[in-house]
A.B. asks: 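Before anything else, here's the structure in question.
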Amino acid sequence: MLRMNSVFFAFVLLSTFICSSSFAQSSSKIQNTSQDTQNASSAVSKQTGSNQNNAIAMLFGEPITLADITPDQDTMSKIRKQAPDNVTQLVTQMRAINLANQIIEGVLSDYASTHNIEVDSDLVEAFKQKFGSEYEKNNQKVAAKKDAQQENNELKESVSAEDITSIDEIALTQVERWQIEKHLYKTYGGAVIFEQSNPSMPVEAYLALMKEYANKGKFKVLDEALAERFWEAFEPPYEFVIAPEDVNFNQPWWR
């Protein structure tokens with residue numbers, strides 16, 4: 001099962017999202033209006049039919065509803081506390097991000113299965129050896145901060161396992177992502193861009209893949225505004241394009 005989540009889509013949608021906020025995760029291509037959120041909220045309150053009728057997107061024949069992409073109550077509480085003046089904007093953009101994540105994860109999972117792409121255990125170990133100590137230090141800082149907040153009555157519970165980043169999970173995710181992207185670039189080619197979270201992102205190959213799956217009816221974004229946001233994230237013009245002669249998928253970027 002593919003282990004890609006919101007981390008995966010950071011290359012496009014999570015790069016310039018209100019940088020002063022802890023929720024600084026979005027794309028400059030994703031624009032927001034308060035009317036969008038009002039309309040979306042109204043749609044939720046009027047849901048009386050089946051999920052199929054209320055679908056904002058379809059993925060492999062299954063509906064995705066607005067409730068499926070709306071931030072959970074814990075996240076909403078954090079948004080209201082940390083960015084009270086930007087709640088509408090953040091919620092709208094996070095919905096777009098969550099929808100994109102679901103579609104991309106589903107498509108890539110199917111692509112990896114179809115092409116028999118399996119995680120290379122040697123690459124996983126190489127990643128862990130290079131970044132293991134760094135992640136361990138970061139996790140210690142997270143745990144210490146959570147404990148300090150608890151002592152100050154800012155949190156009701158202590159740090160949980162979900163708060164701690166697993167280097168094993170990160171390594172598996174990064175290796176799997178790189179192997180899929182290597183296969184994508186070999187298959188579709190196209191522009192490759194530099195992203196802080198991904199030094200060699202074959203963005204045009206992603207665009208070709210998404211169009212192929214959409215044309216085959218494997219997914220469709222029914223909501224017009226969300227569809228526009230989804231496709232704009234993949235389309236040119238691109239920033240930080242790597243010269244074709246410098247593109248190299250012979251070795252992963254961490255080796």
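We count residues from 1, following the sequence as given.
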A.B. asks: Measure the spacing between CZ of R177 and CG of L184 and express it to the nearest 0.5 Å.
C.D. replies: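 R177 atom CZ to L184 atom CG measures 12.0 Å (nearest 0.5 Å).
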A.B. asks: Please round to the nearest 0.5 Å and tell me the distance separating atom CG of L90 and atom CZ of R80.
C.D. replies: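 Reported value, rounded in 0.5 Å steps: 11.5 Å.
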A.B. asks: Check whether L66 and L222 end up in the same hydrophobic cluster, where Ile, Leu, Val, Met, Phe, Trp and Tyr are linked by side-chain heavy atoms less than 4.5 Å apart.
C.D. replies: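 Looking at the clustering, L222 is in a separate group from L66.
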A.B. asks: With side chains defined as the heavy atoms from C-beta onward, is the minimum distance between F127 and L172 less than 4.5 Å?
C.D. replies: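 A side-chain contact under 4.5 Å is absent here.
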A.B. asks: For the residue pair P71 and V91, establish whether any side-chain heavy-atom pair is separated by less than 4.5 Å.
C.D. replies: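 The answer is yes; the side chains approach within 4.5 Å.
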A.B. asks: Quick one: does D246's side chain have a donor or acceptor within less than 3.5 Å of a partner on I242's backbone?
C.D. replies: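 No.
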A.B. asks: Testing the 3.5 Å rule here: is there a donor-acceptor pair between the side chains of S113 and D110?
C.D. replies: no
A.B. asks: Using the salt bridge (Lys or Arg N to Asp or Glu O under 4.0 Å) rule, take R229 and E232 through it: C-alpha gap first, then chi angles, then the decisive distance, then the call.
C.D. replies: CA-CA 5 Å; R229 293 187 182 102; E232 282 184 349; over 6 Å; no
A.B. asks: Less than 4.5 Å apart, side chain to side chain, heavy atoms only: is that true for E136 and I167?
C.D. replies: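 Result no, sub-4.5 Å side-chain heavy-atom pair not found.
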A.B. asks: Taking C-beta and beyond as the side chain, do K182 and I117 meet within less than 4.5 Å on heavy atoms?
C.D. replies: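 When only atoms from C-beta onward are counted, I117 and K182 do not touch, as no gap falls below 4.5 Å.
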A.B. asks: CG/D223 to CD/E228 distance, rounded to the nearest 0.5 angstrom?
C.D. replies: 10.5 Å
A.B. asks: When rounded to the nearest 0.5 angstrom, what is the spacing between CD in E181 and CG in L209?
C.D. replies: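 One gets 11.0 Å once the value is rounded to the nearest 0.5 Å.
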A.B. asks: Any donor-acceptor pair under 3.5 Å linking the side-chain atoms of D72 with those of T75?
C.D. replies: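 Yes, because at least one side-chain N or O of T75 sits under 3.5 Å from a partner of the opposite role on D72.
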A.B. asks: Using the rule given for ring-ring contact (aromatic ring centres under 6.0 Å, His included), can you reason through F230 versus F219, listing the C-alpha separation, both sets of side-chain angles and the distance that settles it, and then say yes or no?
C.D. replies: CA-CA 12 Å; F230 178 85; F219 81 87; 5.7 Å; yes
A.B. asks: Might you point out which heavy atoms bring I103 and L59 nearest each other, and give the distance in Å?
C.D. replies: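 Taking I103 first and L59 second, the nearest heavy atoms are CA-CD2, 4.1 Å.
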A.B. asks: Taking the six-membered ring for Trp, are the ring centroids of F249 and H183 within less than 6.0 Å of each other?
C.D. replies: no
A.B. asks: Quick one, V192 with V203, criterion side chain to side chain contact (heavy atoms under 4.5 Å, CB included). Give me CA distance, side-chain angles, the key distance, then yes/no.
C.D. replies: CA-CA 6 Å; V192 176; V203 62; over 6 Å; no
A.B. asks: For the pair V107 and K218, evaluate side chain to side chain contact (heavy atoms under 4.5 Å, CB included) and give the outcome as yes or no after the intermediate values.
C.D. replies: CA-CA 8 Å; V107 169; K218 294 186 177 182; over 6 Å; no
A.B. asks: First locate atom CZ of F131, then atom CG of N138, and finally report the distance between them rounded to the nearest 0.5 Å.
C.D. replies: 13.0 Å
A.B. asks: Please give me the minimum heavy-atom distance between Y206 and M201, naming the atom from each residue.
C.D. replies: CE1-SD, 3.2 Å
A.B. asks: Distance-only, no hydrogens or angles: does the E204 side chain make a donor-acceptor pair with backbone N or O of G190 under 3.5 Å?
C.D. replies: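 The answer is no, because no donor-acceptor pair under 3.5 Å joins these two groups.
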A.B. asks: Give the minimum heavy-atom separation between L99 and A57, together with the two atoms involved.
C.D. replies: CD1-CB, 3.9 Å
A.B. asks: Can you name the nearest heavy-atom pair linking Y111 to I180, along with the distance?
C.D. replies: CD2-CG2, 4.2 Å
A.B. asks: For Y188 and E212, which heavy atoms make the closest approach, and how far apart are they?
C.D. replies: OH-OE1, 2.9 Å
A.B. asks: Please confirm whether the backbone N or O of Q89 pairs with a side-chain atom of N86, one donor and one acceptor, at under 3.5 Å?
C.D. replies: no
A.B. asks: For a side chain to side chain contact (heavy atoms under 4.5 Å, CB included) check, start with the C-alpha distance between I79 and M94, then their side-chain angles and the critical distance, and finish with the verdict.
C.D. replies: CA-CA 11 Å; I79 293 174; M94 290 181 74; 3.5 Å; yes
A.B. asks: Given 3.5 Å as the limit, does a donor-acceptor pair link the side chain of E235 with the main chain of L207, or not?
C.D. replies: no
A.B. asks: Is there a path of hydrophobic side-chain contacts, each under 4.5 Å between heavy atoms of I, L, V, M, F, W or Y residues, that connects V221 with M58?
C.D. replies: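 They do not share one cluster, since no chain of ILVMFWY contacts under 4.5 Å joins V221 to M58.
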A.B. asks: Under a 4.5 Å cut-off applied to non-hydrogen side-chain atoms, are T65 and T70 in contact?
C.D. replies: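 A side-chain contact is absent here, since even the closest heavy-atom pair is not under 4.5 Å.
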A.B. asks: Counting C-beta onward and ignoring hydrogens, is there a side-chain heavy-atom pair between V124 and Q174 closer than 4.5 Å?
C.D. replies: no
A.B. asks: Nearest 0.5 Å, what's the CZ-CD1 distance between F240 and I193?
C.D. replies: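 Result: 9.0 Å between the selected atoms.
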A.B. asks: Using a 4.5 Å cut-off on heavy atoms from C-beta on, say whether the side chain of N98 contacts that of N101.
C.D. replies: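 Result yes, sub-4.5 Å side-chain heavy-atom pair found.
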A.B. asks: Checking E176 side chain against E118 main chain: does a donor-acceptor pair fall under 3.5 Å?
C.D. replies: no
A.B. asks: Do you know the tightest heavy-atom contact between I64 and I69?
C.D. replies: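 Taking I64 first and I69 second, the nearest heavy atoms are CG2-CG2, 3.9 Å.
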A.B. asks: For the CZ atom on F60, are there more than 12 heavy atoms of other groups (residues, nucleotides or ligands in this structure) within a distance under 6.0 Å?
C.D. replies: yes
A.B. asks: Side-chain contact, heavy-atom cut-off 4.5 Å: K216 with Y213?
C.D. replies: no
A.B. asks: Output yes when E134 and K137 qualify as a salt bridge under the 4.0 Å nitrogen-oxygen rule, no when they do not.
C.D. replies: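 Not counted as a salt bridge, because no side-chain N and carboxylate O are separated by less than 4.0 Å.
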